Structure formats: C-alpha cells, structure tokens
Protein chains: 2
Amino acid sequence: MTQEETVFQYIKKAIIENRLPPGTRLRELKLAEIFSVKRGLIRKVLTRLTNEKLVDHQQNIGAQVAIPSLKDGQDLFSTRQILEQAVMRILCQKITDIEVRYLQKYLQKEQLAYQQGNHKLSLRWSIDFHKELAKLTGNSVIEEFLIEIINRTPLVILSQLGEDPAHSCVNHEHTEIIEALSRRDSESAVRLMNQHLSHLEKMFSMKPQKATTNLEEVFSE
Amino acid sequence: MTQEETVFQYIKKAIIENRLPPGTRLRELKLAEIFSVKRGLIRKVLTRLTNEKLVDHQQNIGAQVAIPSLKDGQDLFSTRQILEQAVMRILCQKITDIEVRYLQKYLQKEQLAYQQGNHKLSLRWSIDFHKELAKLTGNSVIEEFLIEIINRTPLVILSQLGEDPAHSCVNHEHTEIIEALSRRDSESAVRLMNQHLSHLEKMFSMKPQKATTNLEEVFSE
DNA sequence: TGATGCTTTATTGTTGACAATATTGTAGGC
DNA sequence: GCCTACAATATTGTCAACAATAAAGCATCA
C-alpha cells in the first residue's frame with residue numbers, strides 16, 4: 001500500500017470510529033509531523049476525505065472533521081434504507097450457502113466482542129457486516145455508494161447526540177436478517193432490514209442535543 | 001466561480017457530451033496550455049474527475065477518459081434503476097403543481113431542440129431532466145449519487161457502442177412520466193421509469209462492438 | 001528484417017521556498 | 001474595561017525547479 005493510502009485509511013478509520021469527533025481541526029503541518037510525511041501528502045489525503053464528506057474543508061481556513069446537519073443525517077438514512085432494501089432483494093436472488101456461512105462468521109465475531117465487553121470492536125464488526133452485504137451483491141456501483149454511506153453514518157449519529165452513544169447495531173437483528181437470507185425470503189429480509197435501520201435512525205434522532213452546539217443550525221432562521 | 005471549478009466543469013461537460021471519447025489521453029501540460037492555467041490546477045481537476053470515475057488515472061502514466069467495462073455499465077444501470085424508482089415514489093408523495101410545471105419546461109426545451117434537429121442540445125436537456133427529478137426529491141444524498149450516476153451514463157454507453165449513437169431519451173416517455181407524477185400515481189410512475197431506463201439499457205447492451213476494442217475484455221480469460 | 005540494449009525525450013510526481021490569508025496578540029485611546 | 005488599529009504569528013495556497021518514471025527513437029548485431 002502506498003504511503004498516501006496508509007495515512008488516508010488511518011485518518012478515515014479514526015473518524016469512523018469516533019476517535020476524531022465532529023469539528024476537530026485537522027492541521028496539515030501537525031498531521032504531517034504525526035505521520036512523518038510531507039505536507040503535500042496530507043493535503044491530498046484531506047482532499048479525498050473531503051470528497052467522501054468525512055471532512056469539511058474551507059478555503060484558506062482549513063479542514064475539520066465534518067459536522068453533518070440533522071437534515072444531512074435524515075437524507076443519509078433514507079438513502080441508506082433504499083439501497084439496503086435493494087441489497088436484500090438482490091441477495092435473496094443470488095446468494096450462495098457458502099456466502100451465508102461467510103456472513104455468519106462476521107456475526108460470531110461481533111457477538112464475541114460484545115460478550116467480552118469490547119463494544120468498540122463489536123461496533124467495527126457490525127459496520128463491516130453491512131459492508132459485506134453490499135459487496136456480496138457483486139454490483140460495484142452499489143458497493144461503492146453504500147460503503148460510502150455506511151462510513152458516513154457514525155459521524156451523522158455523533159453530530160446529533162453529543163457524546164459517543166456506543167451506537168451499535170442490535171446483534172440479534174443481524175441474526176434474523178441472515179436467517180431470512182438463508183431462506184431466500186425476500187419480503188422478510190427487506191422488512192427486517194427496514195426495522196433494523198429504523199432502530200438505528202431512531203437512536204440518531206432522539207437528540208439530547210450535544211454539548212458543543214451547532215451554531216449554524218441554532219441561528220439558521 | 002473559481003478557476004479550478006471552471007476548468008473542471010469544462011472538461012467534465014466535454015466528457016459527458018462525448019466530445020472527449022473514452023480512452024482519450026489527457027496530458028497535464030497540454031491542458032494547462034489550453035486553459036492558460038498552471039499544471040498544478042490541472043492536476044487537481046484530473047484528480048476530481050478520477051474520483052467521479054469519468055477519468056482513469058494510472059500512477060506515473062497519466063490520465064485518460066475512462067473506458068467503463070460492460071459490467072461497469074450493467075452495474076451502473078441497475079443502480080440507476082433502483083434510485084430512480086425511489087425518486088418516483090418520493091416525488092409522488094411531495095411534488096407540487098409548480099414543480100410539475102417546472103419539469104414541463106424542461107420537456108419543451110428538449111422537444112424544441114429535437115424538432116430543430118439539434119440532437120446534441122436535445123440530449124443535454126434530456127439529461128438535465130433526469131437530474132432535475134433527483135434534485136426535486138430534496139434529498140441531498142440521493143441527488144449527489146444519482147447525478148454522479150447520470151453523468152457516468154453517456155461514457156458507459158459510448159464505451160460499448162463504438163460511435164456516438166446520438167443516444168437520447170425517448171421524449172414521449174418523459175412526457176408520460178410527468179403525467180404520472182402530476183396524477184401522483186406512484187405505481188405508474190415507477191413502471192414508466194423502469195420501461196424508460198430499460199430502453200436506454202437495451203440500446204447500450206446491443207453491441208456492434210466498437211472499433212477500438214477493449215483489449216482487457218477480449219483477453220479476460 | 002527483427003530483436004536487444006542504450007540514449008534521448010516526454011510526461012508525471014515531489015518538494016521546499018515563498019505568497020496570500022486568517023488568526024491571535026498587543027498597545028493606545030477613550 | 002473595552003473598542004479599534006496595527007503588528008506578529010500561524011496556517012493554508014501556489015509555483016517553479018528538480019527527481020523519477022515511462023515512452024520513443026536509434027544504433028547495433030544476428
């Protein structure tokens with residue numbers, strides 16, 4: 001992997017896993033020192049992260065971890081629902097038994113981590129589960145867009161709730177989804193996925209508004 | 001608009017309108033001369049176009065207009081269908097009469113251009129029609145992704161058919177779609193959009209394989 | 001002729017120095 | 001104290017020179 005790719009993945013992961021909360025200033029020189037790379041490389045990485053809407057960049061001012069608005073979050077969730085529904089339908093058509101077992105392995109890792117109290121790790125597996133579903137469709141465009149959406153989800157949640165709510169997919173819902181997939185029961189799979197995402201969305205929209213308030217939103221009228 | 005944005009839009013438009021056919025080499029210095037800008041700016045623009053998959057960039061070799069494969073095209077079309085179906089459902093819920101009339105204006109421009117024999121212009125309005133539908137949903141994420149998909153469509157078609165087929169949406173189908181929308185008839189709107197996209201996809205997959213053949217695809221086994 | 005290795009040219013990639021801009025700090029007047 | 005203006009600092013943006021790489025041209029030999 002190239003140096004640029006390495007740094008890119010590092011920062012991206014840190015944002016997705018909420019170690020860099022929304023609004024964090026990302027200074028080029030500082031990052032360059034931390035990763036022992038030139039500033040130019042950091043610049044390229046920040047541009048890429050900006051394209052994926054994980055970072056917000058303002059001319060002559062700099063970059064910070066993005067703070068998606070409430071509406072951004074709502075739009076993201078409805079689009080995610082549309083695409084993950086479609087994923088369910090596609091998978092019920094074409095998934096193989098081997099792939100079902102492959103998915104179950106993800107589930108086990110997620111469960112194990114949860115039982116061991118490692119919620120961060122559990123969350124990571126849980127996110128990967130959704131990404132794997134997208135990949136198994138075999139449709140590169142769905143994969144591309146859905147993975148981007150999934151990556152934005154933690155930021156969207158954290159920008160509304162102040163603290164990290166250890167947001168996590170409910171594991172037994174993942175289990176039920178896999179069961180529906182293994183029966184190739186398209187209707188159930190879609191229904192279960194919808195329920196599942198509604199739960200996630202509900203957590204996100206119940207807002208004990210965050211401590212560091214989004215000033216733009218407050219004074220938007 | 002910034003210089004960078006201007007150049008970006010210029011090149012992007014040229015690709016979408018098939019004035020820069022798939023495979024065209026895009027040399028940094030040459031582009032810099034053409035637009036009277038520094039090479040650095042061209043570099044940034046090419047990076048952005050690469051992110052949108054309109055340009056393909058290879059390390060140390062350079063950039064060329066992307067040549068999407070047959071599978072890329074198929075994946076693009078099925079994803080486009082998923083999203084435009086969803087757009088129809090959303091619009092039937094929330095579109096206003098004013099917005100319906102706004103859409104009709106696009107249609108008229110498209111028709112006028114067609115009758116005047118200006119097929120290029122007609123195609124442009126036709127593409128914009130689909131983009132407007134996406135925008136009217138009010139969902140920024142759908143808009144973002146669907147516009148990107150729509151922009152990739154001409155390349156995908158041209159990469160399969162050798163020559164520019166003056167591919168164009170069938171105008172009366174657009175008319176029917178608007179009529180269904182104005183009746184808020186969700187089922188019809190979805191059905192009509194599906195038919196409409198099938199026609200487009202059919203044209204794309206009937207391949208009198210192009211003259212400059214895609215070598216990778218030929219020898220892919 | 002055609003294959004091989006070397007040289008030259010064309011093109012992309014990187015970097016450090018500088019310019020432009022924004023932010024912070026300070027002093028003076030009221 | 002607090003506002004303003006100005007100076008100092010920090011940060012981002014740009015560029016021209018150079019390095020690295022790939023492509024093209026050319027000569028040599030079988």
Side-chain angles (χ1 to χ4, degrees), chain A residues 1-12 14-15 19-67 212-216 218-219, chain B residues 1-12 14-15 19-67 212-216 218-219:
Chain A
M1 214 191 304
T2 67
Q3 225 176 10
E4 179 182 331
E5 195 60 25
T6 307
V7 174
F8 175 72
Q9 294 296 343
Y10 255 91
I11 301 181
K12 180 164 150 185
I15 295 176
R19 296 200 306 278
L20 285 174
T24 307
R25 262 319 233 81
L26 301 171
R27 291 198 177 79
E28 297 174 357
L29 214 63
K30 189 149 193 178
L31 289 170
E33 282 171 20
I34 290 172
F35 291 104
S36 306
V37 295
K38 302 285 180 235
R39 190 159 70 93
L41 190 141
I42 296 292
R43 250 159 171 275
K44 282 197 262 179
V45 167
L46 289 177
T47 304
R48 286 175 65 185
L49 289 166
T50 304
N51 285 333
E52 302 200 358
K53 296 220 179 2
L54 296 176
V55 161
D56 190 67
H57 187 103
Q58 289 182 280
Q59 177 79 220
N60 287 326
I61 292 180
Q64 59 176 39
V65 178
I67 312 178
T212 53
T213 313
N214 185 336
L215 292 179
E216 279 88 2
V218 170
F219 301 115
Chain B
M1 211 192 303
T2 67
Q3 225 176 13
E4 179 182 329
E5 195 61 24
T6 308
V7 174
F8 175 72
Q9 294 296 342
Y10 256 90
I11 302 181
K12 180 164 149 184
I15 296 176
R19 296 199 307 279
L20 285 174
T24 308
R25 261 320 232 86
L26 301 171
R27 290 198 178 78
E28 297 175 358
L29 215 62
K30 190 150 193 177
L31 289 171
E33 282 171 19
I34 291 173
F35 291 103
S36 307
V37 295
K38 302 287 181 229
R39 191 160 68 95
L41 190 142
I42 295 293
R43 240 150 185 283
K44 282 197 261 180
V45 167
L46 289 177
T47 305
R48 285 176 65 185
L49 289 166
T50 304
N51 286 333
E52 301 201 359
K53 298 219 175 3
L54 295 176
V55 161
D56 189 68
H57 186 102
Q58 289 181 279
Q59 176 79 220
N60 288 326
I61 292 180
Q64 59 176 40
V65 179
I67 312 176
T212 54
T213 312
N214 185 334
L215 292 180
E216 279 89 1
V218 171
F219 302 117

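Each chain gets a letter, A, B and so on, in the order the sequences are listed, and its residues count up from 1. Computed from a predicted model, the values in this text were never measured in an experiment.
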Table of protein N/O atoms under 3.5 Å from nucleotides 8-11 of chain D N/O atoms:
| residue | atom | partner | partner atom | Å |
| --- | --- | --- | --- | --- |
| D/dT11 | OP1 | A/R27 | NE | 3.0 |

Under 3.5 Å, which N/O atoms of the protein pair with N/O atoms of nucleotides 14-18 of chain C?
| residue | atom | partner | partner atom | Å |
| --- | --- | --- | --- | --- |
| C/dT14 | OP2 | A/K44 | NZ | 2.9 |

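In this structure, the side chains of A/L31 and A/L46 come closer than 4.5 Å at one or more pairs of heavy atoms. Within the 4.5 Å cutoff, the side chain of A/I42 has heavy atoms near those of the A/V7 side chain. Between A/I11 and A/L20 the shortest side-chain heavy-atom distance falls below 4.5 Å. By the 4.5 Å heavy-atom criterion applied to side chains, B/H57 and B/T47 are not counted as neighbours.
Distances shown here put a side-chain N or O of B/H57 below 4.0 Å from the OP1 or OP2 atom of C/dG13.
Not counting sequence neighbours, the partners of A/R43 by the salt bridge (charged side-chain N to carboxylate O under 4.0 Å, His left out) test are A/E28.
A salt bridge is absent between A/E5 and A/K12: the closest approach of a Lys/Arg side-chain nitrogen to an acidic carboxylate oxygen does not fall below 4.0 angstrom.
Following rounding to the nearest Å, B/I42 (CD1) and C/dT11 (P) show an atom-to-atom distance of 15 Å.
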inquiry  = Evaluate B/F35 against B/V45 for side chain to side chain contact (heavy atoms under 4.5 Å, CB included), listing each step before the verdict.
reply    = CA-CA 12 Å; B/F35 291 103; B/V45 167; over 6 Å; no

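Counting non-hydrogen atoms of other residues, nucleotides and ligands closer than 6.0 Å to CD of A/Q3 gives a total of 12 or fewer.
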